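Inspection log for the structure reproduced underneath, given as structure tokens.
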Amino acid sequence: MLNWEEWDLCEDDEQVSKFPSLRFLSITKCPLLLGRLPTILQSLQKLEIYECQRLVVSISSFPLLCELSIAGCEELVDEGSLSVQKVTSLKHASLSNISKCNISAERILLRFANSETFKISGWELGSLSQIGLRLVGHRFIEIVSCPQLVSLAAEEERLQLDKIPGVESLFIRDCERLSRLPEALHAFPFITRITLADCPGLVCFAESNFPPALKELRIVNCVNLQYLVDEKENTNKSMSTNTCLLERLDISCCPSLIWLSSRDDICNRFQHLKIRCWSKLSSLVLNAKLPVMLKQLFIGDCPMLECIAQDFLETTDLESIVIHDAEKIKSLPRGLDKLSHLQEIRLFRCPNLVSLEESGLPTTNLRVLSIGGCENFRALTKCINNFTSFRELAVWKCSADISFPEEGFPTNLTSLQISNAPKIYTSLVEWGFYRLTSPQKLNISGEGCSRVASFPEEAIGMMLLPLSPISASIDLKIWNSCAPRAYNTSPLFNDWPSMIVLSSPLFQKKICFSRLSVYLFGVVRW
């Protein structure tokens, strides 16, 4: 209702009877709507106002209101016409882009202090206490785009000893002047998840300890963050030894951060560690030991990182390793072959990585090995054919010298992707794709395919793909074959320049394809 300008109100006693049972009211995208809402809606429980920039929203006479969501209005009013006994505290409140808030601090405390979910966005506040709000009464707090916010609580504010803070989740984003979190945060007994994003004024996360129940911490694009715990400030102080339960740490785009922490009590329970875009990070942990309970390790865009850890000998629960764009990584830590729970290894764009022979690979549960864009990677691990759980192998844009393992590949591979590995391709054909018992995806491209004119006919077809129909369909992709000669000067078309005949009796009788993709072919016939 883009052209709605006025709510026609009758200022008499009949107004009460117009909407006596109305419980839910939503007004969306009425930019021209002027004036106020009906002032007496005694049954209203949920109110939503979106993009009504000229509307004055008064909640003064809504005694049962428990859910309030406003995203764009002229003014929010609560004049206190109802007595304290008749006012219900809001359970869920979301307030954003409100030009003016005409509510006393006392009334705000009454209406909002105990709301389970509390979100504010686009407010000009120096601290929450400036408008009478506190952290202790909410379970879920979200603060977004408050450019003047310096702290969540005033200096003199302290936790009430008779009221335990029930905060479970804290989300703060785009608060450029926020310089610190409350000192009392480490005393919050129930907070399990904290997210901080786009807060350039933040230098450290905590001055002493993490909240005791904190399990998940995510920090994104806080460019001046230097350390998680202010260890410099606490060098001469006796630091608490409370146990840190933090399990999941995700830190991205914090270029001033140079390490995690030197304190074992903070890092020792990490299960999921994700590090991205640390331009100064040279060593992941100062003591060269990874958290003993770590299950997932993700490292990306860390150009100065040279050492992940000394070894994996104590990280026995590790299940996944993903590393990309780490130019100085030359090898993985020793003991990789001892990780009996490890299921996947993905290594991308690590140009100085040469091989995994020194660290080895586990033979029991490894399912996925993907290596790409590592131009100096030269050797696959020996005895790869003995990997009992191995299902997916991808090797692309590595050294041209990388060769097929002498013992062959595991026959239980379901996905095989090889690109720009001519020695592997040649050996694969000789070894025989037919040895793969249940292939589902085959993707062969790049150098090494240049002399193939067709897939083998029936007489020699057994050398290529499985002989009998298989239960799982195959997704076969053939990339960058011969194009018309006018376009054949581009390397993009040179992978299979001699391919003329695509089909064979084998294709027609023996294989069950779910998808056959042929890219950039020119003169090719079936």
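Given the structure is predicted, the values throughout are model-derived calculations rather than measurements. In this chain, residues are counted from 1 in sequence order.
The distance between the ring centers of F390 and F409 does not fall below 6.0 angstrom.
Using a distance-only test at 3.5 Å, with no hydrogens or angles considered, no donor-acceptor pair links the side chain of N224 to the main chain of G201. At distances below 3.5 Å, at least one donor-acceptor pair connects side-chain atoms of T364 with backbone N or O atoms of S340. With hydrogens and angles ignored, the 3.5 Å screen pairs a side-chain donor or acceptor of N352 with a backbone N or O of E327. A side-chain donor-acceptor contact under 3.5 Å links S256 to the backbone of V223. Checked by atom type and distance alone, the side chain of S145 never pairs as donor or acceptor with a backbone atom of S121 at under 3.5 Å. Between the side chain of W278 and the main chain of I251, a donor-acceptor pair closer than 3.5 Å is present.
A ring-ring contact (aromatic ring centres under 6.0 Å, His included) check over residues 309-345, counting only residues at least two apart or in different chains, returns the pairs F298-H324. Listed by first then second residue, pairs satisfying salt bridge (Lys or Arg N to Asp or Glu O under 4.0 Å) with a partner in residues 342-355 read D325-R349, E344-R346, not counting sequence neighbours.
Remark: R391 pairs with no residue by the salt bridge (charged side-chain N to carboxylate O under 4.0 Å, His left out) rule, at least two apart or across chains. With sequence neighbours excluded, no residue satisfies salt bridge (charged side-chain N to carboxylate O under 4.0 Å, His left out) with E247. Partners of E168 by salt bridge (charged side-chain N to carboxylate O under 4.0 Å, His left out), not counting sequence neighbours, listed by chain and number: R139. The salt bridge (charged side-chain N to carboxylate O under 4.0 Å, His left out) test applied to E142 returns K119, not counting sequence neighbours.
Applying side chain to side chain contact (heavy atoms under 4.5 Å, CB included) to I219 and the options T195, L228, L202 leaves one that passes, L228. The side chain to side chain contact (heavy atoms under 4.5 Å, CB included) with T315 is formed by just one residue from the set L336, L297, L290; it is L290.
A salt bridge links D401 with R378: the closest approach of a Lys/Arg side-chain nitrogen to an acidic carboxylate oxygen falls below 4.0 angstrom.
Between W431 and F404, the two ring planes are tilted [angle within 30° to 60°].
With values rounded to the nearest 0.5 angstrom, I323 atom CD1 is found 12.0 Å from I275 atom CD1. Taking NZ of K423 as the start and OG of S403 as the end, the distance is 6.5 Å to the nearest 0.5 Å.
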